[in-house]
Asker: 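Sharing a structure, written as structure tokens. Questions coming.
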Amino acid sequence: MLSNTEKNSNSQVATVSDTDNPYFVEDLEYTDVEESQVIRILDKRLFTWILLTTFVLNMDRTNISNAISDNLPEDLGFNINVVNTATAIYSLLFSIFCLSGAIIAKIAGPSRWIPTLMFSWGLVTMAHALIKNKAGYLTVRSFIAITEGGVIPATLVYLGGFYKGTELATRLAWFWGVQTIASAVSGLMASGLLQLKGVAGLEGWKWLFIVDGIITLVVAIATWFYLPLNLTSTSGGIRGLKPWFNDKQVCIAVTRVVRDDISKRIYEQRVTWNDIKETLKDVGIWGHLILTTIGLTPTTPLGTYLPTVIKSFNFNVFVSNALTAPPYVLQCIVTVLVIHHSDRTKERGLHGAFGACWQLVGWILLRALPMGTAKGVKYFAAIVVASWPYTHPLNIAWMSENTGSVGKRTVSSGLIIGFANIYGVWGSQIYRADDSPDFRRGNTINIIFAVVAFLLWFAQKLFYRFKNRQNKTRFSSLNEEEKVEELVNREKNGNRSVTYAFTT
């Protein structure tokens, strides 16, 4: 229940709402059933297409691990250390272009920038078939990073205009969960496409890149004509002539998002230098960035060499790629269940720590198994570590909930996706040629990173609890006039306001 002070401040804020966004109705009344209908339309008409775009993205990102298991390094005249160098370059460039992707999305519009990037990396994916040597490999991997780097932050910016903050975590779980399904499908596709070796004089792995590239180009063109600009522009293109929502549903769709986060009244606003400065000064955001890069570091050797690791258990190359599918499918299921429970309980830190602990157990298993262990037991250990609840979408949703403004959310989205890839610079060096095939030294390093990540989830939760206690104390010490002023300025102050309540 609002106090008189809060009601007065809300009325002052409401006086400018209608001029900023005509579809935001401050006193709009609607039932939970009506809101659920809007959400169902969004999930059915918009989010399923977003899942298709991220499926294609990760199919194109995973195929390199399938190609490596098919002797790509040997065919091009180098060893896995060159692959590691390429992975480091990819991670660095991908991270740099993540930030630009979020900012350009605000300028060009995410509904246009996403398919543009998709078409670009589709062409580069096909260009893998032209690689002849080390220089060509490093060049193509650099361009694939440049073209893929901006699409995830652009998508995060895009989804923020359609969903409430409390709805994003579960949907981001599906977003990254579908990426794991894409990895599984990529493994199954590879087990078949790699057998085209010799057709038209090409290696099997080149056929893998050609087919993946063609699929990407087709989806990119369709995406250009499908994604709507915003909640109020859902007719036209291949979406159909009829809008997704009736007049009241449009108002519900916009109003509910703005009520959840008042900074979204003008969601198409551009990013300013002040937004960038405020983001870089936010200690909480830096906590999420560090947690991202530490917690995800072990996924670099896992993602790059999982088929190769399974192959070292004495499975052939085609079976090895097919056997990557079960852990990826299991990871999708586990990730969605854990993060959905996080949404229901509105708790983030402990759920993230659970995921980090799962990963830790998996790495300990892989490291502890003796060399003569049966391949079935080794494969079980690989399943455990590869199926861990992927906590990256949970971390992004947690950070997004606590940024307090659209500008900071845009900048931080680019930063966190950048940090979610920059770790590949050092993560790519964990598995080395002189440590294969069991990678005992590498798995010891992975254990260390997993332990630190486990502790960082608790540290971030304690930090937000401290900030909430601090804000509550400061607000209670203000007089009535100061409280009114603080409430009126809460949108401008964002998460710096003493009225702000952080999700823990």
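Start at 1 with the first residue, then count along the sequence. When reading the values below, keep in mind they use all heavy atoms of this one structure, side chains included, and skip hydrogens, waters and symmetry mates.
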Asker: In this structure, are over 12 heavy atoms from other groups packed under 6.0 Å from D247 atom CG?
Answerer: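 Check fails, neighbour count at 12 or below.
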Asker: Decide yes or no for S387 and W358: does some side-chain heavy atom of the first lie under 4.5 Å from some side-chain heavy atom of the second?
Answerer: yes
Asker: Using 0.5 Å steps for rounding, measure from the CG atom of L117 to the CD1 atom of I146.
Answerer: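 Nearest 0.5 Å value for the CG-CD1 distance: 11.5 Å.
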Asker: Would you please indicate yes or no on a ring centroid separation below 6.0 angstrom for W388 and Y390?
Answerer: yes
Asker: Got a second to check how far T234's OG1 is from F162's CZ, nearest 0.5 Å?
Answerer: 9.0 Å
Asker: Salt-bridged, R61 to D212, with N to O below 4.0 Å?
Answerer: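 Judged by the 4.0 Å cut-off on N to carboxylate O distance, R61 and D212 do not form a salt bridge.
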Asker: For the CH2 atom of W113 and the OG1 atom of T116, what is their distance to the nearest 0.5 Å?
Answerer: 6.5 Å
Asker: Between W363 and P298, is there a side-chain heavy-atom distance shorter than 4.5 Å?
Answerer: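 Yes, their side chains come closer than 4.5 Å.
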Asker: Taking atom CD of E485 as the centre, report whether more than 12 heavy atoms of other residues, nucleotides or ligands fall under 6.0 Å from it.
Answerer: no
Asker: Take I290 and F419, measure what side-chain contact (heavy atoms from CB on, under 4.5 Å) needs, and give me the verdict at the end.
Answerer: CA-CA 8 Å; I290 294 170; F419 272 70; 5.7 Å; no
Asker: Roughly how far, to the nearest 0.5 Å, is the OG atom of S36 from the CD1 atom of I252?
Answerer: 10.5 Å
Asker: Flag the pair E35 and K164 as a salt bridge only when some basic side-chain nitrogen lies within less than 4.0 angstrom of an acidic carboxylate oxygen.
Answerer: yes
Asker: How close do L42 and R256 get, heavy atom to heavy atom, and via which atoms?
Answerer: CD1-NH2, 4.0 Å
Asker: I would like to know whether N495 and T403 meet side chain to side chain donor-acceptor pair (under 3.5 Å); could you show each step before the answer?
Answerer: CA-CA 6 Å; N495 65 0; T403 51; over 6 Å; no
Asker: Regarding R259 and E26, does a basic nitrogen lie under 4.0 Å from an acidic carboxylate oxygen?
Answerer: no
Asker: Would you indicate whether the side-chain heavy atoms of T54 and N58 approach each other to under 4.5 Å?
Answerer: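 No, side chains not in contact.
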Asker: Using 0.5 Å steps for rounding, measure from the CZ atom of F245 to the CD1 atom of I41.
Answerer: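 So the gap between those two atoms works out to 5.5 Å.
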Asker: Using side-chain heavy atoms (C-beta onward) and a distance below 4.5 Å, is P228 in contact with L46?
Answerer: yes
Asker: Any Lys/Arg nitrogen of K483 or E486 sitting under 4.0 Å from an Asp/Glu carboxylate oxygen of the other?
Answerer: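 Between E486 and K483 there is no salt bridge, as every charged N stays at least 4.0 Å from the carboxylate O atoms.
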Asker: Could you tell me if the ring centre of F143 sits under 6.0 Å from that of W121?
Answerer: no
Asker: Do E278 and N274 come close enough that some side-chain heavy atom pair is under 4.5 Å?
Answerer: yes
Asker: Does L241 CG have over 12 foreign heavy atoms under 6.0 Å away?
Answerer: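 Check fails, neighbour count at 12 or below.
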Asker: Is the ring centre of Y464 less than 6.0 Å from the ring centre of F466?
Answerer: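 No; F466 has its ring centre 6.0 Å or more from that of Y464.
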Asker: Around K346, counting heavy atoms of other residues, nucleotides and ligands shown, do more than 12 lie under 6.0 Å from its NZ?
Answerer: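 Not more than 12 within 6.0 Å, no.
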Asker: For atom CH2 of W286, is the number of surrounding heavy atoms from other residues, nucleotides or ligands below 6.0 Å larger than 12?
Answerer: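 No, because the 6.0 Å sphere around CH2 of W286 holds 12 heavy atoms or fewer from other groups.
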Asker: Look at the rings of Y226 and W49 and say which category their plane angle falls in: under 30° parallel, 30 to 60° tilted, over 60° perpendicular.
Answerer: parallel
Asker: Answer yes when D282 and R496 have at least one side-chain N-carboxylate O distance shorter than 4.0 Å, and no when they do not.
Answerer: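 Judged by the 4.0 Å cut-off on N to carboxylate O distance, D282 and R496 do not form a salt bridge.
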Asker: State, with a plain yes or no, whether a side-chain heavy atom of Y423 is found less than 4.5 Å away from one of F449.
Answerer: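 They are not in contact (no side-chain heavy atoms under 4.5 Å apart), so the answer is no.
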Asker: State, yes or no, whether a side-chain contact exists between R348 and T504 at a heavy-atom distance under 4.5 Å.
Answerer: no
Asker: Any heavy-atom pair between the side chains of L394 and W457 that's under 4.5 Å?
Answerer: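 SC-SC contact between W457 and L394 confirmed.
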Asker: Could you go step by step and tell me if I339 and L172 meet the side-chain contact (heavy atoms from CB on, under 4.5 Å) rule?
Answerer: CA-CA 9 Å; I339 296 182; L172 291 182; over 6 Å; no
